[in-house]
Structures are given as structure tokens and as C-alpha cells.
Amino acid sequence: MDAAISPTRTRTKVTAIAGDGIGPEVMKATQQILAAAGARLEWEDALAGAEAFRKGISSGAPQETLDSIARNGVVLKGPLETPVGHGEKSANVTLRKIFEMYGNIRPVRELPGIRTPFTGRGIDFVVVRENVEDLYAGVEYMQSAGVAQSLKLITEPGCERIVRLAAALARAEGRKKVTISTKANIMKLSEGMLKRVGEQVLKEYPDLQHEHMIVDNCAHQMVIRPEQFDITVMTNMNGDILSDLAAGLVGGLGVAPSANVGDRVAMFEAVHGSAPQIAGKGLANPTALLLSAVMLLRHIGDFATASKVENALYVTLEEGKDLTGDIAAPGTGVPTGAFVARVIANLGRDSAKVPQREYRRIELKQWPAATWHREPASRELVGVDVFLESSESPAALGRMLSDMVAGTAFTLEMISSRGAQVWPELGGNTFLVDHLRARFLFQAPRQDDATAEITELLTRIGSRHRWMHVEKLQRFGGADAYSKA
Ligand code: NAD
């Protein structure tokens with residue numbers, strides 16, 4: 001993250017994207033409270049979302065907005081509507097990807113005055129979610145007319161930086177434990193990468209305890225005993241789902257703040273959407289964006305103003321006077337403006353109920369701009385998996401493919417359907433679809449990339465069947481770089 005600009009000397013320029021629906025209302029409310037608290041910020045307004053799409057900007061964010069973000073490095077953002085079914089991308093995803101905001105930070109803290117089934121349990125943890133990799137790369141293909149594939153890409157540097165972010169956040173907030181949560185028991189290479197890399201990286205942080213928890217159990221534990229968590233770190237989709245679950249423990253998405261951080265840009269936003277049903281009616285609750293702005297103030301090193309705003313909000317929620325309709329006692333809801341006035345009146349008061357935490361800057365390792373590459377100690381090619389469309393029985397297909405490779409460098413080792421071996425038959429009841437994987441092994445491992453043999457194999461298979469893709473079966477540093485059937 002960018003270096004702090006001392007709040008006492010100069011104003012920090014922040015790109016303000018008000019966004020859609022209730023966005024302008026919660027942005028104005030937040031800016032009013034920050035100004036009253038004496039935050040030394042200078043806002044640079046920028047456009048993104050529905051209006052940008054209406055202007056024909058298919059990314060949802062015009063160049064001036066991207067320039068402003070690149071210049072300032074700090075963004076406060078309201079919700080952006082994602083048009084459904086017009087082929088446009090999500091402007092949120094665009095911004096995260098363009099500026100490589102790889103870390104999503106979602107604090108999960110019990111809020112005073114917001115009653116939930118978990119009230120009184122002292123829930124106070126953070127979900128750190130990898131934000132740009134995994135299935136959200138959005139690389140998808142129809143394999144046959146009825147079989148879809150989505151590519152789950154997990155990288156070693158992607159895992160390293162998200163775990164370092166989790167560790168740096170733990171240190172900045174005086175937290176003690178990092179829980180790496182993965183599905184490494186099933187996806188040993190992709191999800192397993194976060195576990196492996198994470199456990200290695202965390203050895204460099206002897207002041208932090210760390211543990212691994214299978215992600216389904218993590219979902220269960222978050223509901224059964226949420227107090228046990230301090231910092232959790234997850235791949236993109238797991239983190240997407242569990243961070244929403246976690247928000248539900250402490251009052252829901254409407255009051256949940258978040259930060260998206262990268263090496264050069266940090267963007268702070270409420271978790272909720274544009275709430276079009278209540279837009280323009282003065283009913284919006286600015287709590288989530290205000291708490292996101294508190295995270296922004298800590299990011300730029302203005303800890304005093306951050307605590308002042310946070311405490312004024314806590315006192316307001318605690319006392320329960322002048323709350324917006326979504327969180328007020330039935331029949332007592334007030335307009336956004338009255339809530340803002342109450343928070344401003346409470347500036348300078350500290351909450352007696354919420355434990356105060358010491359914060360420091362999050363110190364992140366800067367990644368070099370060069371393309372990341374690690375050469376393994378050795379490489380061997382042991383065969384190929386060919387994915388093909390076929391409605392033959394496994395026995396017939398096995399015979400055909402075996403005959404086809406007779407006399408070549410390959411032998412057919414097995415055929416699988418959706419990961420389960422169906423030839424040679426194991427005697428189960430695997431349901432068959434027209435998407436099969438045939439595994440061909442070389443008689444002896446190869447050191448070259450065997451393009452000629454593989455092309456010859458595909459030519460033979462292509463004469464009788466439709467193949468859709470090929471995966472090399474490699475060994476890196478003596479270890480299998482592919483999953484077993
Ligand atoms: P939503 O969060 O907008 O609304 C869900 C419910 O919560 C509604 O009943 C709404 O009135 C209420 N609500 C949300 N925020 C509130 C607030 N601050 N104060 C009072 N009530 C609040 O979710 P949705 O309806 O699924 O999405 C609406 C639009 O927002 C969609 O276009 C979606 O794509 C977009 N969206 C954007 C973001 C983002 O920009 N980060 C996140 C989620 C959804």
C-alpha cells in the first residue's frame with residue numbers, strides 16, 4: 001500500500017465514487033461525518049457504474065476514473081449496479097482486476113445495539129479473501145452441448161501475497177492467530193497450494209499462531225463457535241461465501257464494511273448493494289460505508305480520527321436513538337440525515353461496550369512488476385489426458401482407444417467420467433455423460449515436450465471422436481503435477 005501522508009500536515013486526496021441507487025446518499029452522509037470529525041481528506045469525485053454503462057463504457061468505469069484512482073491510490077466507493085443480461089462486465093470486478101486489488105478484507109465484529117442470535121458472544125474476527133484468482137478468473141468453456149467447465153486458477157504468488165496480507169493485518173491489529181481455510185483435502189493442487197504456501201509463509205511470523213481448517217468445517221465452526229476466529233484467509237470463492245456468512249453473524253450485509261487492497265491502490269466500500277427499492281427516499285443506512293471509511297482512515301495512518309468516528313457510531317448504535325429504519329426498533333426509524341446528525345453529535349464520546357483495539361499500519365511486501373516464474377528442479381512428461389466427447393460405452397471406447405494407440409509411444413491407462421474411473425471398470429454406478437477423459441502414458445517419461453507424438457495421437461483420436469482439450473501429465477521436481485483419477 002502507498003506510504004502514509006501525515007494527517008496533521010496535508011490533506012489526503014481520495015477518489016470518491018458515489019455509485020448507484022443509495023450510493024450518493026450514503027456517500028454524502030459519510031463525507032459529512034468525516035468532515036465533522038476533522039478528517040483531513042480531499043475528495044475527487046469520479047464516475048462508475050450504471051451511468052458509465054449508459055454512456056456506452058462497457059467496463060463501467062471511464063478512463064478519467066481509472067486515472068483518478070491511479071493518481072490517488074485511495075478510493076471510497078458506493079455500490080455499483082451490475083446490469084443483468086446486457087453483456088456488460090461488473091464495474092466492481094473491473095476495478096479490482098485493473099488495479100490488482102488482490103486482497104479483500106472483511107471485518108466481522110459484533111456491533112452494539114444490533115441484536116442478532118449471536119449478541120454477547122464477542123465476535124471479532126476478519127475474513128481475508130483472495131480477490132482476483134480462483135474461479136473468478138471467469139475462464140469458462142462449454143465442453144459439449146451439455147457440459148460446462150470453469151477454470152480454477154490458483155497461483156503460488158497469489159497465495160503468498162494473500163497470506164502475507166493476513167499476517168500483516170494480524171500484526172497491525174494486534175491479533176494472534178491466522179486460520180488458513182481450504183478445501184485441500186479434495187483439490188490437493190489448487191486449494192492445497194494455499195495450505196502449503198500459507199503454512200510455509202507463516203513460519204516467518206513466529207509471533208502468530210496458525211492452523212488449517214477444512215472450509216466446510218470452517219463454515220460450521222463460524223456458526224457454532226465464531227469467537228474462536230481471529231483472522232481467516234481463503235481463496236476467492238470460499239472467501240466470497242464465508243465472508244457473507246460471517247457478516248450474517250453480526251447484523252448482515254447492510255452494516256458490513258470492506259477493503260480491497262493491492263500494492264498501489266486500496267478501495268474501501270460497503271458490502272451491500274445499491275438497494276434500488278429505497279434509493280432517493282432518505283431511508284439508507286450509511287453505517288457500512290462509514291465503517292469502510294474508518295478502515296480508509298487507518299489505511300492512511302489517521303488512527304485518531306478513525307477511532308473518533310468509530311466510537312461516535314458505536315455510541316449512536318448503543319443508545320439506539322435516531323437509527324435508520326433497517327436497524328431501528330419497529331416504528332422508530334428516522335431519515336438518513338437525522339442519523340448523521342446524531343453520529344456527529346456523538347463525536348468525541350467513546351463506547352464503553354466495545355473493546356478498544358490498538359491499530360498500526362498494515363505493512364505489505366511490495367511485489368516486483370516482473371512476470372513471476374519459478375523453474376522446477378526438473379521436469380518430466382509422463383503422458384497426456386485427452387478430453388473427448390463420446391456417447392460410446394466405456395468398454396467400447398476403451399477398446400477403440402487402445403487399438404488406436406497400438407504401435408505408438410502411448411498406452412491407454414484409464415478413462416474417467418467427471419473424475420471417476422470408468423475404464424478399466426471398477427464396478428461402481430458412475431453416471432455417464434458425453435464428456436470423458438482418456439489418460440495416455442508414455443512407455444518411459446520424456447524430457448522433451450513430445451509435440452510430434454501428441455499431435456499424432458490427437459490426429460488419430462480426431463479421426464473417430466471429438467476431442468476438446470489436452471492436458472500434459474508432468475512431474476515437477478520429481479512430484480506428480482496432476483491429480484490421480
Ligand atoms: P442490496 O444490498 O442492494 O439490497 C439487499 C436488501 O438490503 C434490500 O432490502 C435493501 O433495501 C437492503 N439494504 C442494503 N443496503 C442498505 C442500506 N445501506 N440501508 C438500508 N437498507 C439496505 O442487494 P441487491 O438488491 O441484491 O442488489 C442491488 C444492486 O446492487 C444490484 O445491481 C447488484 O449487482 C448491486 N450490488 C453491488 C455491490 C457493490 O457495488 N459492491 C454489492 C452487492 C450488490
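We count ligands from 1, going down the list as the structure has it; atoms in each ligand are counted the same way.
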Pick one: which of [options] meets side chain to side chain contact (heavy atoms under 4.5 Å, CB included) with [X]?
{"X": "Leu242", "options": "Asp216, Val108, Val215, Thr232", "answer": "Val215"}
{"X": "Thr235", "options": "Glu133, Arg129, Lys152, Lys183", "answer": "Lys152"}
{"X": "Ile33", "options": "Leu290, Asn346, Val294, Leu289", "answer": "Leu290"}

- Is the shortest N/O to N/O distance between Leu80 and ligand 1 below 3.5 Å? yes
- ligand 1-proximal atoms of Ile278, by part, heavy-atom distance under 4.0 Å: side chain
- Give the contacting part of Asn92 toward ligand 1: side chain, backbone, both or neither, where contact means a heavy-atom distance below 4.0 Å. side chain
- What do you reckon, does Leu253 put a non-hydrogen atom under 4.0 Å from ligand 1? no
- Query: Measuring from the heavy atoms of Val271, does anything fall under 4.0 Å of ligand 1?
  - Reply: yes
- Query: Which atoms of ligand 1 are found less than 4.0 Å from any heavy atom of Ile22?
  - Reply: 15 (N), 16 (C), 17 (C), 18 (N)
- Note on the structure: shortest atom 43 (C) of ligand 1-to-protein heavy-atom contact is with Gly273 CA, 3.5 Å
- Give the residue and atom name of whichever protein heavy atom lies nearest to atom 25 (O) of ligand 1, and the separation in Å to one decimal. Gln277 NE2, 4.4 Å
- Item | Arg164 and Tyr205: side chain donor to acceptor below 3.5 Å | yes
- Task: Please check if a non-hydrogen protein atom sits closer than 4.0 Å to atom 21 (N) of ligand 1.
- Result: yes
- Using the salt bridge (charged side-chain N to carboxylate O under 4.0 Å, His left out) rule, take Arg437 and Glu471 through it: C-alpha gap first, then chi angles, then the decisive distance, then the call. CA-CA 10 Å; Arg437 171 178 60 157; Glu471 293 286 344; over 6 Å; no
